[in-house]
Structures are given as structure tokens and as C-alpha cells.
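To find a chain, count down the sequence lines: A is the first, B the second, and so on, and within it residues start at 1.
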2 protein chains.
Amino acid sequence: MEKYKKIGIKLTPQRLAILDFLDGNKDHPSAEEIYREVSKRFPTMSFATVYNTLEALAERGNILELTIDPHKKRFDPNTELHHHLICTKCKRIEDVHTHFELAVPGMHRKGFEVTGNHVAFYGICPACSHRT
Amino acid sequence: MEKYKKIGIKLTPQRLAILDFLDGNKDHPSAEEIYREVSKRFPTMSFATVYNTLEALAERGNILELTIDPHKKRFDPNTELHHHLICTKCKRIEDVHTHFELAVPGMHRKGFEVTGNHVAFYGICPACSHRT
DNA sequence: TGCTTGACAAGAACTATTCTAATGTGATAT
DNA sequence: ATATCACATTAGAATAGTTCTTGTCAAGCA
Ligand SMILES: [Mn+2]
Ligand SMILES: [Mn+2]
Ligand SMILES: [Zn+2]
Ligand SMILES: [Zn+2]
């Protein structure tokens with residue numbers, strides 16, 4: 001696809017498949033989920049390729065690495081500033097596209113140069129609250 | 001110490017050492033840091049004991065497990081509602097004791113029952129910004 | 001054509017964490 | 001005091017997620 005050109009990495013079939021899987025994906029998939037899906041089309045796909053590609057994309061700001069699921073990294077192709085709501089049972093992650101006015105008061109800033117913030121909301125999703 | 005009685009777990013020398021190390025600790029230590037420090041006094045200390053104790057404490061709400069450092073869990077003996085500022089270079093974590101009024105707008109709530117939230121501020125600490 | 005660069009696959013290595021099995025210990029019951 | 005029981009502790013194995021290493025290959029270029 002032409003729309004991936006500007007990323008600045010060499011586009012290979014494997015990478016296009018990864019990019020297509022990520023494009024518009026709102027599930028915040030893990031490396032394993034990406035691997036599972038993409039290796040359907042490319043059965044020789046290696047895990048290393050998934051990680052290498054994700055790292056290259058993250059470095060260039062095309063995806064975000066989320067540190068919100070305690071068991072693994074999850075990746076977000078939506079790099080707009082937004083926040084997340086995570087189900088503490090099944091780890092499903094939903095977007096929260098709301099802007100909050102957040103600033104660290106000087107007394108707590110400890111001389112840090114603050115570059116960003118992220119709000120993690122925790123809760124129980126409907127599916128998890130139904131099955132007791 | 002008597003002040004640990006109400007936690008409701010059997011107090012052993014190893015556990016007391018862990019509790020003493022955590023008590024008032026503002027460094028958000030990892031399991032490894034706790035192990036390193038406590039095993040100075042108890043050289044036969046096992047990693048399993050550290051994890052078992054941390055799990056027991058977390059279950060009872062006496063410490064928090066922080067999912068904010070991408071490489072490992074960090075533990076916080078301060079269970080008051082507060083937020084954190086993390087240096088993206090050295091992973092130093094500082095407390096931000098400020099109350100923010102945060103709510104997930106209904107349109108993004110997706111039927112979740114929201115139980116809590118946590119703000120992660122990212123930045124560069126003075127030490128890291130000095131050494132280029 | 002031969003060189004250079006980067007991507008790929010496979011698997012080893014590594015790190016953090018959890019699990020297992022054997023042993024120890026302290027409290028309680030006899 | 002002794003037996004019993006419920007947990008704690010230990011060492012190490014096992015697991016999961018991620019990163020590293022090595023050999024191979026293909027595309028772009030001199
Ligand atoms: Mn998102
Ligand atoms: Mn804290
Ligand atoms: Zn759920
Ligand atoms: Zn720092």
C-alpha cells in the first residue's frame with residue numbers, strides 16, 4: 001500500500017501484512033496475537049520479524065507500546081493522544097478519547113521535564129460481570 | 001512489630017524484614033530490589049518468599065502492584081490514592097499526590113463498571129537530563 | 001557483476017515471574 | 001511434652017514474554 005511509504009522502513013510482504021493487521025485495529029493486540037494472525041497468511045513468519053517490525057514502528061512513532069497490561073506489552077496503532085479503560089479480569093482494552101487537563105503541580109515535579117501522560121481506567125467489562 | 005499484626009498473615013522473620021524494607025519506602029522497588037536488600041540480613045532468603053509475601057500483601061490491599069515500568073512489576077507500600085511520574089530513561093518513579101477529577105464519559109464506557117484510575121506522567125528526571 | 005544493506009527465519013538466550021516438591025517451624029490439641 | 005496441622009520457606013524447575021545471534025537471502029547500487 002502507498003499509505004505506508006512515509007513510515008520510512010523497507011516494505012516487505014511480511015511487514016505489509018503486519019501493517020494491514022494493525023491498520024485501524026482497536027483491540028490493542030499483543031505481539032503474540034499479531035503473530036498468530038499474520039502467520040496465517042505467512043506460515044513461515046518468525047516471531048523475530050514481528051518484534052523487529054513493532055520496534056521499528058514504535059521508534060518512528062507509528063504505533064505505541066502500552067504498559068498497562070501487567071502480563072505483556074500491547075500495541076496501539078492509534079497514536080492520537082488518548083486514554084484507556086481496561087477490564088481487570090480479561091484485560092480487554094477500550095479507548096477513551098477524552099481530553100483531560102492534567103498537570104503535575106510544581107511541588108511534585110521534582111525537577112522532571114514532563115513530556116506526557118496517560119490515564120488508565122480500571123473496571124469490569126460487561127462480558128466479565130455477567131459470568132459471575 | 002505490632003503494627004503489622006492487623007495485616008492478617010503469619011509474621012515470620014523474613015516477612016518482617018520485607019515489611020520493614022517496604023515501610024515508608026518511596027522508591028517503588030521491584031521484587032529483585034527487595035530481594036537484594038532483604039537477603040543481606042537473611043542470606044538464605046528465597047525469591048519465592050519475596051513473591052509469595054508480595055502476593056499476600058497485595059491480595060490484602062497492603063501494597064499496590066504498579067504496571068507502569070515496562071520491564072517489571074514495581075511495588076508501592078503507599079496505598080493511598082495517588083499518581084506517578086516516571087523517568088522514561090532510568091525508570092525512577094516519583095509520587096504525585098494530587099487529586100484529579102476523572103470520569104469516563106458514557107459514550108466511551110462501553111458498559112464497563114469503572115472501579116478506579118491511575119495517571120502515569122512521563123518525563124525525564126534531572127539526573128538523566130544532565131548526563132546528555 | 002560484485003558490494004552493501006537491511007530483512008528474514010530459527011532458535012538460543014535472557015529476564016521476570018510462577019510453580020513444584022521437599023523440608024522446616026510455630027501454634028494448637030492431646 | 002508430643003503429635004498434629006497449617007503454613008512458610010527453600011531451591012530449583014518451569015513458563016512466558018522478549019531480545020539476541022547467526023546464517024541466509026534479496027534488492028538496490030557502483
Ligand atoms: Mn488505544
Ligand atoms: Mn507511589
Ligand atoms: Zn472483561
Ligand atoms: Zn532518570
Side-chain angles (χ1 to χ4, degrees), chain A residues 4-5 7-22 28-60 62-76 90-91 93, chain B residues 1-2 4-5 7-22 28-60 62-76 90-91 93:
Chain A
Y4 300 135
K5 277 283 180 60
I7 295 174
I9 58 174
K10 199 182 283 185
L11 293 176
T12 65
Q14 293 90 334
R15 289 182 166 183
L16 283 172
I18 292 173
L19 287 165
D20 278 338
F21 177 67
L22 287 175
H28 310 87
S30 65
E32 206 271 335
E33 285 157 351
I34 296 166
Y35 173 77
R36 256 214 318 277
E37 190 60 26
V38 174
S39 62
K40 285 179 189 167
R41 288 212 280 135
F42 292 89
T44 74
M45 159 77 68
S46 160
F47 241 108
T49 298
V50 175
Y51 278 109
N52 286 341
T53 304
L54 291 172
E55 185 187 14
L57 293 173
E59 269 173 6
R60 289 164 179 74
N62 289 94
I63 61 171
L64 298 174
E65 288 187 12
L66 303 183
T67 305
I68 171 178
D69 180 330
H71 295 306
K72 54 193 157 197
K73 288 183 187 167
R74 312 246 322 226
F75 299 87
D76 195 338
C90 69
K91 313 302 182 205
I93 298 176
Chain B
M1 300 289 192
E2 291 311 301
Y4 299 136
K5 278 284 181 57
I7 295 174
I9 58 174
K10 199 183 283 185
L11 293 177
T12 66
Q14 291 91 334
R15 289 180 168 185
L16 282 172
I18 292 172
L19 287 165
D20 277 337
F21 177 66
L22 288 175
H28 309 86
S30 65
E32 205 270 335
E33 285 157 349
I34 296 165
Y35 173 77
R36 256 214 318 278
E37 189 59 28
V38 174
S39 61
K40 286 180 190 167
R41 288 214 278 135
F42 291 90
T44 73
M45 157 80 65
S46 159
F47 240 108
T49 298
V50 175
Y51 277 109
N52 286 342
T53 303
L54 291 172
E55 185 187 14
L57 292 173
E59 270 174 5
R60 289 164 180 74
N62 290 92
I63 61 172
L64 299 174
E65 287 187 12
L66 302 183
T67 305
I68 172 179
D69 181 330
H71 295 306
K72 52 193 156 196
K73 288 183 186 168
R74 311 250 317 231
F75 298 87
D76 195 339
C90 70
K91 314 303 181 204
I93 299 177

Worksheet entry | Minimum-distance nucleotide to Q14(B) side chain [options: dA9(C), dT10(D), dA8(D)] | dT10(D)

Worksheet item: In terms of side-chain heavy atoms of T53(B), which of dT9(D), dC7(D), dA9(C) is nearest?
Response: dT9(D)

Worksheet entry | Shortest non-hydrogen contact between S46(B) and Y35(B), atoms and distance | C-CE1, 4.0 Å

Item to complete: List the atom of A31(A), the atom of V50(A), and the distance in Å for their closest heavy-atom pair.
Response: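 Closest approach of A31(A) to V50(A): O-CG1, 3.9 Å.
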
Between atom [atom1] in [X] and atom [atom2] in [N], what is the gap in whole Å?
X	N	atom1	atom2	answer
R15(B)	dG24(C)	CZ	P	19 Å
E59(A)	dG6(C)	CD	C1'	14 Å
I9(A)	dA26(D)	CD1	P	20 Å
L16(B)	dT25(C)	CG	P	16 Å
L11(B)	dA6(D)	CG	C1'	16 Å
Y35(B)	dT10(D)	OH	P	9 Å
M45(B)	dA8(D)	CE	C1'	11 Å
D69(B)	dT15(C)	CG	C1'	13 Å

Are the side chain of [X] and the backbone N or O of [Y] linked by a donor-acceptor pair below 3.5 Å?
X	Y	result
E59(B)	A56(B)	no
S39(A)	F42(A)	no
R74(A)	H28(A)	yes

Worksheet item: Are D69(B) and K91(B) within salt-bridge range, i.e. N to O under 4.0 Å?
Response: no

Worksheet item: Does a donor on one side chain sit under 3.5 Å from an acceptor on the other, for Y4(B) and D20(B)?
Response: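 Yes.
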
Discussion item. Please determine whether a side-chain nitrogen or oxygen atom of T49(B) lies at a distance below 4.0 Å from atom OP1 or OP2 of dA8(D).
Written reply: no

Worksheet item: Counting only side-chain N and O atoms of T44(A), is one of them less than 4.0 Å from OP1 or OP2 of dA9(C)?
Response: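 Answer is yes, contact under 4.0 Å.
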
Practice prompt. Report the distance from atom CZ of R15(B) to atom CG of N52(B), rounding to the nearest 0.5 Å.
Written response: 7.5 Å

Worksheet item: Rounded to the nearest 0.5 Å, what separation is found between the CZ atom of R36(A) and the CZ atom of F47(A)?
Response: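 Those atoms lie 9.0 Å apart.
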
Fill in: Nucleic acid footprint by protein, nucleotides 17-23 of chain D - heavy-atom cut-off 4.0 Å, B for base, S for sugar-phosphate alone
SBBB---

Worksheet item: Roughly how bent is the helix from dT1(C)-dA30(D) to dT30(C)-dA1(D) end to end, in steps of 10 degrees, with each end axis from five pairs?
Response: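 The end-segment axes of the helix from dT1(C)-dA30(D) to dT30(C)-dA1(D) are tilted 10° relative to each other.
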
